[in-house]
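Working notes for the structure below.
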There are 2 protein chains.
Amino acid sequence: MKPDALRGHLDALLLATLDGRQLHGYAIIEALQQVSGGALDLPTGTVYPALRRLERAGHVVSDWSTVGGRKRRTYRLTQAGQKALHAERSAWREFTTVIDGVLGGGGKWAQT
Amino acid sequence: MKPDALRGHLDALLLATLDGRQLHGYAIIEALQQVSGGALDLPTGTVYPALRRLERAGHVVSDWSTVGGRKRRTYRLTQAGQKALHAERSAWREFTTVIDGVLGGGGKWAQT
DNA sequence: CGCTATATGTAGGGTCGCTACTTATGAACG
DNA sequence: CGTTCATAAGTAGCGACCCTACATATAGCG
């Protein structure tokens with residue numbers, strides 16, 4: 001998959017991954033690898049800044065914890081984040097519908 | 001639809017619009033408006049540079065013509081463009097499958 | 001003549017994911 | 001004890017690319 005096809009959809013992935021549970025950054029990356037069957041292998045330089053953006057936007061909050069001497073910043077959705085996730089899902093459906101309409105067309109552009 | 005959700009998918013739209021016919025830039029914009037029911041209203045500053053990129057890449061070629069005193073640069077797909085369109089369609093299917101898998105999940109993230 | 005639709009184009013900016021690098025700890029291995 | 005690897009978080013800077021705004025030109029209408 002080309003690198004930045006994700007442009008504009010990364011937030012949705014992160015919010016969805018945090019839906020119903022709390023995870024730290026590293027775990028989010030691993031979770032995305034798993035659910036995508038390895039197709040999504042996001043570098044830390046992509047995920048950490050994105051999480052901070054989401055926190056600045058008020059969509060997630062973070063707590064520090066220390067597990068086995070290692071610091072973990074654990075994120076979870078806020079109510080605004082839940083709302084944002086809902087909005088992202090709608091936007092995604094609309095987006096795919098529009099693009100599918102252009103790409104698929106049903107069989108060429110067939111003006112009926 | 002947020003403006004640059006298109007990021008990385010614009011080429012696919014343009015190639016698909018030119019599939020099986022030849023159009024000039026302005027007509028491409030109108031065609032995309034029509035097939036998307038108005039959801040896609042691309043500014044000329046987006047489309048024209050994109051078409052030149054595609055031409056540099058060898059995916060389309062252009063011919064000048066004058067219709068009613070107005071100059072038109074008419075584009076059509078090359079064989080490489082056809083191939084690229086095919087690749088874009090596959091990439092799009094893969095992309096949506098992956099993102100759908102994360103966003104939909106089937107009902108939360110349900111680790112089975 | 002002025003205004004709108006048609007038609008193409010350039011300049012500059014801003015976003016955002018990526019590459020590459022840094023820092024730090026615990027565990028395993030010799 | 002020292003080296004290396006996995007875990008964990010982070011920053012700096014780059015580059016692609018879509019957008020806003022503007023420039024240019026003609027045809028047609030009032």
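In this entry the distance linking CD1 of B:I28 with C1' of D:dC18 reads 16 Å, nearest Å. Atom CG of B:L10 is separated from atom C1' of D:dC18 by 8 Å (rounded to the nearest Å). Rounded to whole angstrom, the span from the CD1 atom of B:I99 across to the P atom of C:dG17 amounts to 11 Å. Distance NZ (B:K71) to P (D:dT26): 9 Å, rounded to an integer number of Å. If you take CG of A:L13 and P of C:dC16, they are 14 Å apart, rounded to a whole angstrom. Whole-Å rounding puts the B:Y26 OH to D:dA25 P distance at 18 Å. Remark: C1' of D:dA6 and NE2 of A:H24 are 13 Å apart, rounded to the nearest angstrom. The separation between B:L23 atom CG and C:dT6 atom C1' is 15 Å, rounded to whole Å.
Judged by closest nucleotide on DNA chain C, B:E30 is the one of B:Y75 and B:E30 placed further toward the 5' end. Heavy-atom distances to DNA chain D give each of A:R72 and B:H9 a nearest nucleotide, and the one nearer the 5′ end belongs to A:R72.
Under the 4.5 Å side-chain heavy-atom criterion for grouping Ile, Leu, Val, Met, Phe, Trp and Tyr, A:L103 is connected to B:L23 within one hydrophobic cluster. In the hydrophobic cluster analysis, where Ile, Leu, Val, Met, Phe, Trp and Tyr join through side-chain heavy atoms closer than 4.5 angstrom, A:I99 is grouped together with B:V35.
Within residues 61-70 of chain B, the residues that place at least one heavy atom under 4.0 Å from DNA chain C are, in residue-number order, B:W64, B:R70. Heavy-atom distances under 4.0 Å link DNA chain D to B:P43, B:G45, B:T46, B:R53 of residues 40-58 of chain B, given in residue order.
Taking a cutoff of 4.0 Å between a charged side-chain nitrogen and a carboxylate oxygen, A:R89 and A:D19 qualify as a salt bridge.
Proximity of A:Y75 to A:L54: side-chain heavy atoms (C-beta onward) are nowhere separated by under 4.5 Å. B:R73 has its side chain within reach of B:E55: a pair of non-hydrogen atoms, C-beta onward, lies under 4.5 Å apart. Side-chain atoms of A:L6 and A:L42, non-hydrogen and from C-beta on, do get closer than 4.5 Å to each other. Using a 4.5 Å cut-off on side-chain heavy atoms (C-beta onward), A:W64 and A:R72 make no contact.
In terms of phosphate contacts, B:R73 brings no side-chain nitrogen or oxygen within less than 4.0 Å of OP1 or OP2 of C:dT8.
Considering only residues two or more places apart in sequence or on other chains, A:R76 meets the side chain to side chain donor-acceptor pair (under 3.5 Å) condition with A:D63.
Side-chain N/O atoms of A:R7 and base N/O atoms of C:dT15 include a donor-acceptor pair closer than 3.5 Å.
Classified by interplanar angle (parallel below 30°, tilted 30° to 60°, perpendicular above 60°), the ring pair A:H9/A:W92 is perpendicular.
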